[in-house]
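Quantities reported herein were computed from a predicted structural model and do not represent experimental measurements. Each chain gets a letter, A, B and so on, in the order its sequence line appears, and its residues count up from 1.
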Amino acid sequence: MIQSDLDLFGPQPQRLASHTVLLPGFALAETEPLLDALRPVLRAAPFRHMHTPGGLRMAVGLTNCGTLGWVSDEQGYRYSPNDPLSGKPWPALPPVLLALAARAAALAGFEGFVPDACLVNHYLPGTRLSLHQDRDERDFGQPIVSVSLGLPAVFLFGGLQRADKPRRIPLSHGDVLVWGGEDRLRFHGVLPIKPGVHPRMGERRINLTLRKAGP
DNA sequence: AAGTGGCA
DNA sequence: AAGC
């Protein structure tokens, strides 16, 4: 045989840590419905650059959909039901995205995941996201589901202390990463995006991060 | 050249 | 400090 017979079944889930699973290409068959669903979201709530509580501009453009959206300003990090740009509620979480997240979470061992927030991050070549924890959600028992679209990225997946040496996880268009349980508060980030052009997405990466933020 | 540490 |  030329390669492993396993290749006939497509890329297999990879367990990166006890409660962390990479599902290579899991969203590939649904990228078009996802992008169709994203278009009206971005019309209603365009990407914008938020600022850290210290007043520094974040390199990623971001927006949200769902009943809650992650925001950052001089007041700090928090979830808000309204888009500070429009004053209106964030656009609804598209059902196709909710369903995808629930299936991915279940595959990773998190049954009954019903996200109420999706942070949408926009990366141009050179954009990075420094090491941080997702800790603004109410229930750390709920996992995080991350969907990668467009240009590839190197995801940094660290430990519970900032100084823990992060692993480098290559992420491609259509990959889905799920982490929760004892991995829920691991520091993570994204290295600067390498210049390039994705055949479908152009010179950008979009990351959809689904969470259960509220009660 | 990363990886850390330290910082409002 | 999800930045420098």
Reckon A:R135 touches a base, only the sugar-phosphate, or nothing at all at heavy-atom distances under 4.0 Å? nothing

In whole angstroms, the gap separating P of C:dG3 from CZ of A:F187 amounts to 13 Å

So what does A:D136 hit on the nucleic acid, given a heavy-atom distance under 4.0 Å: a base, only sugar-phosphate, or nothing? base

Give the nucleotide from the list B:dT4, B:dA2, C:dA2 with an atom nearest to the side chain of A:H132. C:dA2

Check every strand shown and say whether A:L62 touches a base, only sugar-phosphate, or nothing at a heavy-atom separation below 4.0 Å. nothing

Using whole Å, what does the distance between atom C1' of nucleotide B:dG5 and atom CD of A:Q161 come to? 13 Å

A:L97 side chain near A:L34 side chain, heavy-atom distance below 4.5 Å: yes

What is the distance from CG of A:D73 to P of C:dA1, rounded to the nearest Å? 12 Å

Which of B:dG3, C:dA1, C:dA2 is nearest the side chain of A:K165? It is B:dG3

Nearest whole angstrom, please: distance from the P of C:dA1 to the CG of A:D134. 14 Å

Whole-Å gap separating P (C:dC4) and CE (A:M58): 10 Å

Round to a whole Å and report the spacing from CD of A:E74 to P of C:dA1. 13 Å

Give a yes/no on whether any side-chain N or O of A:R162 is located under 4.0 angstrom from OP1 or OP2 of C:dG3. no

For the residue pair A:R205 and A:Y123, would you count it as a cation-pi contact if the rule is NZ or CZ under 6.0 angstrom from the ring centre and within 45 degrees of the ring axis? yes

Checking contacts here: which listed nucleotide (C:dG3, B:dG5, B:dT4) is nearest the side-chain heavy atoms of A:A163? B:dG5

So A:H173 and A:M201, do their side chains get closer than 4.5 Å, heavy atoms only? yes

Selection from B:dA2, C:dA1, C:dA2 that lies nearest to any side-chain heavy atom of A:R211: C:dA2

Write down the distance between CG (A:L131) and P (B:dG6), rounded to a whole number of angstrom. 16 Å

Rounded to the nearest angstrom, tell me the gap between atom NE2 in A:H188 and atom P in B:dG3. 17 Å

Just name whichever nucleotide pairs with B:dG6, Watson-Crick or G-U, keeping both distances under 3.5 Å, else none. C:dC4

Would you call A:D83 and A:K88 a salt bridge, using N to O less than 4.0 angstrom? no

Check every strand shown and say whether A:S130 touches a base, only sugar-phosphate, or nothing at a heavy-atom separation below 4.0 Å. base

How far apart are the C-alpha atoms of A:L119 and A:R211, what are their side-chain angles, what is the distance that settles it, and do they pass the side-chain contact (heavy atoms from CB on, under 4.5 Å) test? CA-CA 8 Å; A:L119 177 50; A:R211 305 104 185 274; 3.6 Å; yes

